[in-house]
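Everything on this sheet refers to the single structure shown next.
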Amino acid sequence: MMRYSLIKTFMVLMAAMFLTAQGFAQAHATSNGGVDHTHDGVACDVALVTSEHLVLTPAPASRVPTIHPTRQANTPAPAEPVFRSFDSRAPPPRGPPL
């Protein structure tokens, strides 16, 4: 029982660490406005990644109802199911196990 609680606690801590790192990265990218900048002479990758994405808006949904054509009178009706019966007998039973 102790092992299960340790594993569960570890998983929660890892998820919290991941979400915290994502939050810091988003805050850093937002604070710099997406412009290229450096930290101690090294280009910041967070700003470079965020500045490459474009925001695409979807096309507005059409409110016109779609009219489906009605079924024509000359289309054939679906076939009726055929019930089959077998008149042959079953094979003879097997003998007792040896």
Side-chain angles (χ1 to χ4, degrees):
M1 190 69 159
M2 180 71 173
R3 184 176 178 190
Y4 176 72
S5 63
L6 287 175
I7 291 173
K8 193 172 183 180
T9 304
F10 178 72
M11 290 173 62
V12 169
L13 288 175
M14 291 300 289
M17 186 180 69
F18 175 75
L19 293 175
T20 303
Q22 290 293 316
F24 282 135
Q26 290 292 326
H28 180 76
T30 308
S31 67
N32 290 310
V35 296
D36 295 338
H37 65 281
T38 60
H39 296 280
D40 297 327
V42 178
C44 181
D45 291 334
V46 176
L48 294 176
V49 171
T50 57
S51 64
E52 293 175 2
H53 294 289
L54 297 175
V55 177
L56 300 177
T57 56
S62 174
R63 297 284 181 188
V64 179
T66 305
I67 300 173
H68 298 287
T70 58
R71 186 175 177 172
Q72 299 294 330
N74 59 359
T75 56
E80 295 180 12
V82 177
F83 297 106
R84 297 183 183 186
S85 64
F86 297 100
D87 295 331
S88 63
R89 63 185 190 103
R94 294 175 36 187
L98 298 175

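- Considering only heavy atoms from C-beta on, F24 comes within 4.5 Å of T20 through its side chain.
- By the 4.5 Å heavy-atom criterion applied to side chains, Q22 and F18 are counted as neighbours.
- Under the 4.5 Å side-chain heavy-atom criterion for Ile, Leu, Val, Met, Phe, Trp and Tyr, F10 and M17 are members of the same hydrophobic cluster.
- Note that the NZ atom of K8 and the CG atom of L6 stand 12.5 Å from one another [nearest 0.5 Å].
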